[in-house]
Amino acid sequence: MQLLDGKATARSIKEEIAEDVKKMKADGIREPHLVAVLVGHDGGSESYVAYKIKDCEEVGFKSSLIRYEDDVTEEELLKCVTDLNNDDSVDGFIVQLPLPNHVSEEKITLAIDPKKDVDGFHPQNVGQMAMGLPAFVSATPQGIIELIKRHKIETSGKHVVVLGRSNIVGRPMSILLSLKGEPGNATVTVCHSRTQNLKEICQQADILIAALGSPGFVKADMVKEGAVVIDVGTTRLPSDKTKSGFKLTGDVVFDEVSPKCSFITPVPGGVGPMTRASLLINTLQAAKNRM
Ligand code: GUN
């Protein structure tokens with residue numbers, strides 16, 4: 001069993017990006033600039049955005065944080081998006097989700113200029129991605145593609161089983177791996193809450209990608225000997241053993257599944273750091289597109 005070390009891989013990617021930024025600056029081109037818009041005080045969102053800002057600092061990007069209280073109106077947020085679209089000093093921006101119920105996430109996402117949509121959530125980017133055209137791809141699936149590429153894991157002709165069909169992980173992941181090209185050329189099955197014979201389908205997977213958000217869902221008897229297992233789950237379970245008061249828990253029972261695997265991602269330290277690195281990749285690309 002080989003560990004797919006997302007932390008180390010993300011570190012390499014960040015070093016490469018930092019080098020690129022140094023070259024840009026040496027050529028008199030300003031550094032990439034990412035803006036994060038954060039609404040409210042959800043603990044998860046707060047910490048994700050704080051990590052995104054910290055990552056920017058580490059690679060030499062400029063970053064800005066725009067905060068709103070939970071009672072922000074949809075109009076105010078739409079105005080913020082329009083202003084960011086029109087601000088030439090901003091290369092890319094994200095509006096951290098979820099948003100309060102009275103704000104339509106769809107409307108906000110549609111208002112973002114696809115050229116600055118470094119989250120890859122805008123339908124134009126999703127459509128281009130699905131056609132194999134240049135696009136900003138949402139961070140988690142792109143991070144997994146990068147992890148697969150950098151570990152030279154063969155996907156061509158393999159049976160990939162994706163657990164979960166969310167717009168930002170499961171579905172784009174299934175599309176990317178079924179596209180013509182490398183990594184890609186896979187035969188992909190997407191499973192979800194209505195799937196029948198799920199265990200039998202998982203047992204057929206050469207590559208199993210678990211993106212359900214259901215802690216400990218994937219057990220040893222669901223995994224084929226020699227499979228590659230990628231765990232996207234990051235559920236925060238309460239814990240009195242950690243400083244933060246929670247323990248990040250994956251969708252896979254690591255201890256019992258890992259002995260059967262050729263490759264497996266740990267949680268934490270697997271997909272999470274790759275997701276963060278992907279946002280940097282997209283922001284750098286947005287800045288290069290501006291040049
Ligand atoms: N909420 C959870 N993941 C994400 C993400 O990747 N981007 C944004 N904007 N919100 C999120």
Side-chain angles (χ1 to χ4, degrees), residues 6 10 13 33-56 61 63-68 70 72 74 77-78 80-81 84-85 90-101 103-126 129 135-147 164-173 176 209-214 231-236 246 248-251 267-268 270-286:
I13 293 172
H33 180 195
L34 175 74
V35 177
V37 179
L38 176 60
V39 178
H41 299 273
D42 173 75
S45 293
E46 291 260 7
S47 78
Y48 289 136
V49 168
Y51 279 132
K52 289 170 188 180
I53 301 276
K54 180 170 164 276
D55 289 336
C56 283
F61 289 3
S63 63
S64 310
L65 174 60
I66 300 176
R67 297 198 69 131
Y68 289 96
D70 270 319
V72 66
E74 193 173 85
L77 267 185
L78 284 169
C80 171
V81 167
L84 290 168
N85 285 341
V90 175
D91 294 304
F93 64 96
I94 61 155
V95 179
Q96 186 68 24
L97 304 178
L99 294 172
N101 288 337
V103 180
S104 159
E105 290 184 354
E106 189 186 333
K107 263 194 203 164
I108 299 296
T109 303
L110 280 169
I112 298 173
D113 181 344
K115 291 195 287 298
K116 294 191 177 188
D117 168 39
V118 286
D119 258 331
F121 292 173
H122 192 284
Q124 184 171 321
N125 279 315
V126 177
M129 176 274 297
F136 290 122
V137 175
S138 83
T140 299
Q142 179 172 259
I144 293 169
I145 289 286
E146 205 61 40
L147 203 56
R165 56 178 163 179
S166 71
N167 284 341
I168 65 174
V169 184
R171 189 166 305 107
M173 191 73 259
L176 287 168
I209 302 178
L212 293 165
S214 176
D231 189 351
V232 186
T234 50
T235 306
R236 293 163 153 229
F246 66 84
L248 221 52
T249 309
D251 287 353
V267 175
V271 173
M274 295 303 294
T275 297
R276 286 167 56 184
S278 296
L279 181 63
L280 298 174
I281 293 175
N282 283 350
T283 305
L284 179 67
Q285 189 58 52

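Note: hydrogens, waters and symmetry copies are ignored here, and every other heavy atom, side chains too, is used. Every number for a ligand or one of its atoms is a count from 1 in the order of the listing.
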Give a yes-or-no answer on whether the side chains of T249 and T235 include a donor-acceptor pair shorter than 3.5 Å.
no
Check: residues 105-112 side-chain donor-acceptor pairs under 3.5 Å, at least two apart:
from : atom 1 : to   : atom 2 : distance (Å)
E105 : OE2    : L99  : N      : 2.8
K107 : NZ     : E74  : OE1    : 3.0
T109 : OG1    : E105 : O      : 2.7

Can you tell me if R171 uses its side chain to pair, donor with acceptor, with the backbone of R165 under 3.5 Å?
yes
Distance-only polar pair, side chains of N282 and Q142, donor-acceptor under 3.5 Å:
yes
Atom OH of Y51 with >12 non-hydrogen neighbours under 6.0 angstrom
no
Report all protein residues having a heavy-atom distance below 4.0 Å to some atom of ligand 1; order the list by chain, then number.
K52, V95, Q96, L97, D119, F121
Give me the one residue out of T234, D42, L279, I94 that meets side-chain contact (heavy atoms from CB on, under 4.5 Å) with Y48.
T234
